[in-house]
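Everything below concerns the one structure shown next.
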Amino acid sequence: ILRPGAGAFGSVALYAVGAVMCISARDLVTRFIPTEIPSLLITTLTSSSLLIAGLVMAAFEGWRAASFTAYALTLPAGLLIVFGHYSAIRALRGGDISVVAPFRYTSVPFSLVVGFAVWRDLPDSWSVAGTLLVISAGLYTLHRERVRMSGAGS
């Protein structure tokens with residue numbers, strides 16, 4: 001949940017907004033990719049583009065060697081990200097986007113739990129309010145689609 005303000009809205013916030021826009025665009029474009037193109041190929045291209053973007057961004061950052069533990073955790077994290085992309089692509093290609101999209105919000109409570117478990121970080125009241133608003137919108141969209149689908153069949 002991005003809460004822009006004079007001091008908080010900088011290049012990192014713009015990166016987050018750009019990432020969300022790219023993910024949304026990818027989700028919309030995925031629906032129009034011919035079914036003859038395998039989901040695994042789309043996943044490979046998605047992951048490769050992330051790798052290239054990361055390498056380009058790394059050129060503008062200072063380099064500091066990570067610990068062995070950090071490197072050891074990178075492999076399973078990378079595999080989980082690839083599996084997540086593949087799952088999202090399969091779901092978007094096979095299901096209704098208005099039903100699939102609200103499941104993206106499951107990352108919000110998961111992130112809150114991990115944030116607390118790892119860093120003992122608790123969101124402030126504005127972040128909680130924004131999170132609840134986004135989750136409510138997703139649940140309402142899911143409910144609305146179920147009502148629409150049940151009405152279409154009668």
| query | Roughly how far, to the nearest 0.5 Å, is the CG atom of Leu73 from the OG atom of Ser67? | reply |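 Those atoms lie 8.0 Å apart.
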| field | Test side-chain hydrogen bond (donor to acceptor under 3.5 Å, both in side chains) applied to Thr43 - qualifying residues, sequence neighbours left out | value |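 Partners of Thr43 by the side-chain hydrogen bond (donor to acceptor under 3.5 Å, both in side chains) criterion come out as none, since no residue qualifies.
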Who passes side chain to side chain contact (heavy atoms under 4.5 Å, CB included) against [X], sequence neighbours left out?
X      : value
Phe116 : Arg120, Leu122
Ile33  : Ile37, Ile42, Arg93
Tyr71  : Trp63, Ala66

| field | Test item: Leu112 and Pro123 side chains (from C-beta on) under 4.5 Å apart, heavy atoms | value |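 They are in contact (side-chain heavy atoms under 4.5 Å apart), so the answer is yes.
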| message | In this structure, would Phe110 and Trp119 fall into the same cluster of hydrophobic residues linked by side-chain contacts under 4.5 Å? | response |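 Cluster IDs for Phe110 and Trp119 match.
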| field | ILVMFWY cluster, Leu92 and Leu28 together (side-chain gap under 4.5 Å) | value |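 Yes; tracing contacts between hydrophobic side chains, which count when under 4.5 Å, links both residues.
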| said: Show me the pairs that pass side-chain hydrogen bond (donor to acceptor under 3.5 Å, both in side chains) and involve residues 73-86, at least two apart or across chains. | reply: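 Output for this query lists Arg26-His85, Tyr86-Arg90.
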| Under 3.5 Å, is there a donor-acceptor pair linking the side chains of Asp27 and Ser24? |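 The answer is no; no qualifying pair exists.
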| task | Check step by step if side-chain contact (heavy atoms from CB on, under 4.5 Å) holds for Phe83 and Ser87. | result | CA-CA 6 Å; Phe83 177 73; Ser87 299; 3.6 Å; yes
Which pairs would a plain distance check flag for residues 49-62, meaning a side-chain donor or acceptor within less than 3.5 Å of a matching protein atom at least two apart in sequence or in another chain?
from, atom 1, to, atom 2, distance (Å)
Ser49, OG, Leu45, O, 3.4
Ser49, OG, Thr46, O, 2.7

